[in-house]
Student: 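Below is one structure. I have some questions about it.
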2 protein chains.
Amino acid sequence: MKLTREADYAVRVVVELASRPPAAIVPSRAIAEQQQIPGAFLAKVVCGLARAGLIRTLRGSGGGLQLARPAAETTLRQVVEAIEGPIRLNRCLREPGACPLQSRCQVHGVWRRVQELLLRELDAVTMAELARTPGEPRDPRTAGASAGAPAGS
Amino acid sequence: MKLTREADYAVRVVVELASRPPAAIVPSRAIAEQQQIPGAFLAKVVCGLARAGLIRTLRGSGGGLQLARPAAETTLRQVVEAIEGPIRLNRCLREPGACPLQSRCQVHGVWRRVQELLLRELDAVTMAELARTPGEPRDPRTAGASAGAPAGS
DNA sequence: TCATAATAGGACTAAAAGGATCCTATTACT
DNA sequence: AGTAATAGGATCCTTTTAGTCCTATTATGA
């Protein structure tokens, strides 16, 4: 009933990219430091995101990560599912007919309804919105720093 | 992002008890067969439910399981959390201040909102409601059997 | 053109959690 | 008192998760 660490990181990576200028190429090390992600582990996350087609990777010197599509066209659900696979709250929602009790299981309907609710919520959030959100501004110094770092290299 | 098998079983156990006469004592073997739960594994589930105070267990011959409270007073959330512990979608929602980025993390707010939504939904479903729900009646034969099995032994 | 340095990609390894099973303690019935 | 039936707890194995390391690839500079 909880997000994997990898999916958590993945979302932060995409948000970080979305916070930069549209087609910016950002080295993974910069993202790792900015988002406090273990550098070595980030490679794995990046791999999953690239395989799903959400980001583009550029190798070699001067390379880095780049959004494959406009941030407004990528939803929170897409990022999570790119890492974890399809979101299924319960086993019986994975393959129809997996549960032999399905026809008389009272709980099945509830799980399906809750899952629909969850998916709808995750579908409604785009990376562009998240990039604009300043989080929970408590310290004006950090809030200013994060908003004012265009990384216009 | 998915329910553990044990929690899934736990819900079915409580629903099965709630489907019987109010203070019925049901041997775990009967529940295992009715809900298709591996008999040996059921013991672990039962242990967790009893420890959380949701059910009462009666040892010895003629013993079995019994609801500790009226089914209408137990919610789906209570059963799930009895097994899995507090529901936290993400690590940063567990302990406030666990994430060093919290003040400038754009995603934090979304996770909190989605989690609130999820909890509210699980809180709204009681075991009594689930016991009354006939599931998804597709096969009239099984639907009739489940509805017409009062187990009035 | 070739060597070098920086970068992503994928394979691999430890750690934790999940899933299941067995054995033991307890209770009622004979 | 003996026996059978039942839950409780401890234990083991499997799967998933988290993290690290090494290799392939590419651009840059000589």
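The chains referred to below are lettered A, B, ... by the order of the sequence lines, with proteins before strands, and numbering in each begins at 1. Both backbone and side-chain heavy atoms feed into the values below; hydrogens, waters and symmetry mates do not.
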Student: Report the distance from atom CD of B:Gln66 to atom C1' of D:dT6, rounded to the nearest whole Å.
Tutor: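 My rounded result for the distance is 15 Å.
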Student: Out of C:dT21, D:dA7, C:dT7, which has the shortest distance to the side chain of A:Pro27?
Tutor: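 When the side chain of A:Pro27 is considered, C:dT7 is the closest of C:dT21, D:dA7, C:dT7.
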Student: Would B:Trp111 and B:Leu119 show up in the same hydrophobic cluster when neighbours are defined by side-chain heavy atoms closer than 4.5 Å?
Tutor: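 Yes, B:Trp111 connects to B:Leu119 through the hydrophobic network.
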Student: Does the protein touch nucleotides 22-27 of chain C at the base, only the backbone, or not at all? Give it as B, S and - per nucleotide, heavy atoms under 4.0 Å.
Tutor: ----BB
Student: Tell me: NZ of B:Lys2 to P of C:dA17, nearest whole Å?
Tutor: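 Nearest whole value for this atom pair: 14 Å.
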Student: Ignoring hydrogens and angles, tell me if any N or O in the side chain of B:Glu84 forms a donor-acceptor pair with the backbone of B:Leu3 under 3.5 Å.
Tutor: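 The answer is no, because no donor-acceptor pair under 3.5 Å joins these two groups.
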Student: Just how far, in rounded Å, is P of C:dT21 from CD1 of B:Ile37?
Tutor: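 Rounded to whole Å, this separation is 13 Å.
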Student: My understanding is that only one of A:Leu122, A:Leu130, A:Val14, A:Val125 makes a side-chain contact (heavy atoms from CB on, under 4.5 Å) with A:Val79; could you say which?
Tutor: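 Of all the options given, the one that passes is A:Val14.
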Student: Which atoms form the tightest heavy-atom contact between A:Glu73 and A:Gln78, and what is the distance?
Tutor: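 Taking every non-hydrogen atom into account, O-OE1, 3.4 Å.
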Student: Roughly how far, to the nearest 0.5 Å, is the CG atom of B:Asn90 from the CZ atom of A:Arg5?
Tutor: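 One gets 9.0 Å once the value is rounded to the nearest 0.5 Å.
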Student: Whole Å only: how far is the CZ atom of B:Arg5 from the C1' atom of C:dG18?
Tutor: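 Value for this atom pair: 9 Å.
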Student: Report all interatomic pairs (protein N or O, nucleotide N or O of nucleotides 14-16 of chain D) with separations under 3.5 Å.
Tutor:
none

Student: Report the distance from atom CG of A:Leu49 to atom P of C:dG10, rounded to the nearest whole Å.
Tutor: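 One finds 13 Å between P of C:dG10 and CG of A:Leu49, rounded.
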Student: Could you pull out the closest heavy-atom pair between A:Gln115 and A:Leu89, with the gap in Å?
Tutor: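 Where A:Gln115 meets A:Leu89 most closely, the heavy atoms are OE1-N, 2.8 Å.
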Student: Return the value, rounded to whole Å, for the distance between atom CG of A:Leu42 and atom C1' of D:dA18.
Tutor: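 Computing the A:Leu42:CG to D:dA18:C1' distance gives 14 Å.
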Student: For residues 46-71 of chain A, dump all side-chain donor-acceptor pairs below 3.5 Å to protein atoms at least two apart in sequence or in another chain.
Tutor:
residue	atom	partner	partner atom	Å
A:Gln66	NE2	A:Ala23	O	3.1

Student: Tell me: CD of B:Glu6 to P of C:dA17, nearest whole Å?
Tutor: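 One finds 14 Å between P of C:dA17 and CD of B:Glu6, rounded.
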Student: Output yes when at least one side-chain N/O atom of A:Arg29 is less than 4.0 Å from OP1 or OP2 of C:dA8, else no.
Tutor: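 A:Arg29 to C:dA8 OP1/OP2: no side-chain N or O under 4.0 Å.
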Student: Just how far, in rounded Å, is C1' of C:dT21 from OH of B:Tyr9?
Tutor: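 Between C1' of C:dT21 and OH of B:Tyr9: 14 Å.
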Student: Check the phosphate of D:dA7 against B:Arg56, side-chain N and O only, distance under 4.0 Å to OP1 or OP2. Yes or no?
Tutor: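 Checking B:Arg56 against D:dA7: no side-chain N or O falls below 4.0 Å of OP1 or OP2.
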Student: Indicate if B:Val11 and B:Phe41 have the same hydrophobic cluster label, given that clusters are the connected sets of ILVMFWY residues with side-chain heavy-atom separations under 4.5 angstrom.
Tutor: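 As far as the 4.5 Å side-chain criterion goes, B:Phe41 and B:Val11 are connected within one cluster.
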Student: Which comes earlier along DNA chain C counting from the 5' end, the contact point of B:Phe41 or that of A:Cys47, where each point is its nearest nucleotide?
Tutor: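 The answer here is A:Cys47.
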Student: Is a donor-acceptor pair below 3.5 Å formed from side chain A:Lys44 to base C:dG10, judging by atom type as modelled?
Tutor: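 Flag unset: no donor-acceptor pair detected.
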Student: For B:Gly63 and for A:Leu3, find the nucleotide of DNA chain D with the closest heavy atom, then tell me which residue's nucleotide is more 5'.
Tutor: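 Checking each residue's closest nucleotide, the 5'-ward one belongs to B:Gly63.
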Student: Look only at the side chain of A:Glu81 and the backbone of A:Ile87, and say whether a donor-acceptor pair between them is shorter than 3.5 Å.
Tutor: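 Present.
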